[in-house]
Amino acid sequence: MCGIIGILGDHQAAPIMVDALKRLEYRGYDSAGIATVHDGALDRRRAVGKLVNLADLLVTDPLPGFAGIGHTRWATHGGPSVANAHPHRAGRVAVVHNGIIENFRELRAELSGDGESETDTEVVARLCEAFLDAGMTPKDAAFATVDKLEGAYALCFLFDGEPDLLVAARAGSPLAIGHGAGEMFVGSDAIALGPLTDRLTYLEEGDRAVVTRSGAEIFDGEGHAVQREMTRIRIDAARIEKAGHRHFMAKEIHEQPQTLSDVLAAYVEGERIAPPSAYDFTATDRIQMVACGTAQIACSVAKYWFEALARLPVEVDIASEYRYREGPVGAQTTALFVSQSGETADTLAALRYAKGQARAILSVVNVETSSIARESDIALPIHAGVEVGVASTKAFVNQLAVLLALAISAGVQRGTIDAAREAELVAGLKRLPGLMAQALAVEDRCEALAARLAEATDILFLGRGPMYPMAHEGALKLKEISYIHAEAYASGELKHGPIALVDRTLPVVVFAPMDPLFDKTVSNMQEVMAREGKVLLVTDAEGAEVASDGVWEVLVMPKVEPVFAPILYAVPAQLLAYHTAVHKGTDVDQPRNLAKSVTVE
Ligand code: G6P
């Protein structure tokens with residue numbers, strides 16, 4: 001999603017802003033721009049494509065000034081072009097925006113003259129300029145503008161003739177104020193501001209802030225001055241560097257034994273599961289799990305766990321469907337939202353729909369200061385550290401780990417798991433980081449297979465039980481980063497339609513650890529092979545022993561108790577996608593059209 005930086009400093013702002021935007025690159029973007037006030041005059045530079053294009057432009061056409069705003073854009077209204085890039089300017093005002101202004105057409109119709117872009121954001125600058133024309137001060141003009149906006153936004157305004165003023169506003173998209181020594185900053189997340197200051201104030205819904213070098217005055221949506229807490233943050237710089245890996249995604253895949261062990265340490269105490277915040281699963285009759293993308297797949301795996309281990313029915317929904325379906329939420333229902341960023345607009349809106357209806361709102365998040373965490377009754381952290389690659393890897397695995405720990409805890413409370421079984425499951429969990437490290441050994445085979453997978457135009461993924469959602473994860477990862485069309489089916493569903501696609505050109509990846517469903521999956525594999533489909537079987541040594549005949553390739557995974565298999569089988573799903581993408585030469589960390597955190601509907 002878009003990234004925002006604002007600076008009132010005592011150095012040239014342009015290079016500092018380009019650096020901050022670079023740290024926001026992980027959000028995915030298609031153009032970038034900055035504006036500054038220098039000798040009282042507002043000016044800007046914008047460029048399409050990677051940030052390096054903006055950096056190049058600034059070499060030939062520098063932009064001096066100690067006060068500035070900067071932006072990386074992920075197109076929503078109007079394609080990537082210089083005219084559509086932020087900052088948008090109208091006369092004396094420049095503005096950067098993350099989110100969507102839903103009533104921009106109505107607002108545009110009220111304004112005289114034409115704009116120069118196709119964006120919703122430009123109307124914000126034009127409206128503000130109209131208020132300045134009417135004689136308002138910059139602060140009043142910005143506030144009056146914000147009053148008229150509907151939709152989701154984080155905004156930062158900069159004004160001609162005002163080298164010591166930024167006005168910021170937040171509704172639906174996060175925004176933080178950074179406090180330096182005689183310098184002040186605005187940023188769309190802690191990563192943007194990390195090296196500049198460790199003291200942040202997060203704006204709350206509806207807040208506006210008037211920022212000068214001497215501090216920030218914050219007002220709520222009604223215009224009352226409010227105090228918001230200042231927090232100290234620690235951004236571990238090492239976690240946002242590639243540490244010798246070619247891509248962040250590769251680094252994050254390899255970090256998984258460590259990050260998995262970090263999260264287990266927070267949820268396991270001796271032989272028992274001990275989540276950081278207790279929740280009573282005995283008084284609930286069902287769980288509604290809601291999320292988007294990879295997080296929704298984690299929920300689909302967790303459904304198998306909660307139903308089998310705790311005998312608790314689970315419904316899984318895609319947030320964008322759930323929020324508008326207006327389905328019933330029983331008073332005894334537990335609503336559980338899973339989101340790495342904690343800011344996904346659809347998931348947040350779904351949470352707000354369930355709030356006040358459900359028995360409790362639980363969330364599983366990576367960012368503990370996020371909106372979803374703050375609006376939940378209980379927020380359960382996944383401790384994955386900063387995830388930069390757009391395609392989620394270590395966050396997905398840690399979401400699974402937290403959901404499995406919760407399912408075990410629910411089973412213990414509900415009497416479906418006794419103390420001996422709990423101890424056994426905990427022992428199994430503790431072995432997982434080690435097994436994960438062993439699972440990474442399939443990397444060489446994945447790399448060798450990549451060349452052949454990269455030739456395919458379509459790839460099918462199959463699985464049964466919890467391996468069915470894992471098939472979805474394999475297909476999602478592959479299409480996200482390699483752009484090869486991939487689909488997932490429950491193995492048993494193959495014969496009801498998708499088998500029509502099978503011919504000698506179709507690779508079919510089958511996730512099938514040796515478990516009680518193995519033989520059934522092998523029968524489905526035979527159906528594929530009988531039609532010359534190329535089966536890539538991902539299984540353990542025992543499975544490979546009995547079912548390798550006639551398959552195209554086998555990836556041999558470490559043996560693990562079936563309940564833990566989804567966590568381990570995430571690794572081949574990730575590595576197949578990663579190496580296929582690397583072979584094709586696509587942009588692994590910032591795949592086209594995608595964004596790390598989607599704060600628009
Ligand atoms: C985007 C990302 C996905 C992610 C999804 C949900 O689409 O590209 O990788 O799974 O959002 O994000 P969340 O932050 O809510 O987990």
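In this text, all values refer to a predicted model and were calculated from it rather than measured experimentally. Sequential numbering from 1 along the given sequence is applied to the chain's residues. Order of appearance sets the numbers: ligands from 1, and atoms from 1 within every ligand.
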Polar side-chain atom of D317 near backbone of V290 as donor-acceptor pair, under 3.5 Å | no

Show the protein residues that qualify under the rule heavy atom under 4.0 Å from an atom of ligand 1, listing them in chain and number order.
-> C292, G293, T294, A295, S339, Q340, S341, T344, V390, S392, E480, A595, K596, V598

Parallel, tilted or perpendicular: rings of Y569 and F511 (30°, 60°) | perpendicular

Just jot down the ring-ring contact (aromatic ring centres under 6.0 Å, His included) partners of H583, sequence neighbours excluded, or say none.
-> none

Does E375 come within less than 4.0 Å of R352, counting only side-chain N to carboxylate O?
-> yes

In this structure, CD of Q399 is separated from CG of L380 (nearest 0.5 Å) by 12.0 Å

Do you see a donor-acceptor pair shorter than 3.5 Å between the side chains of Y353 and R325?
-> no

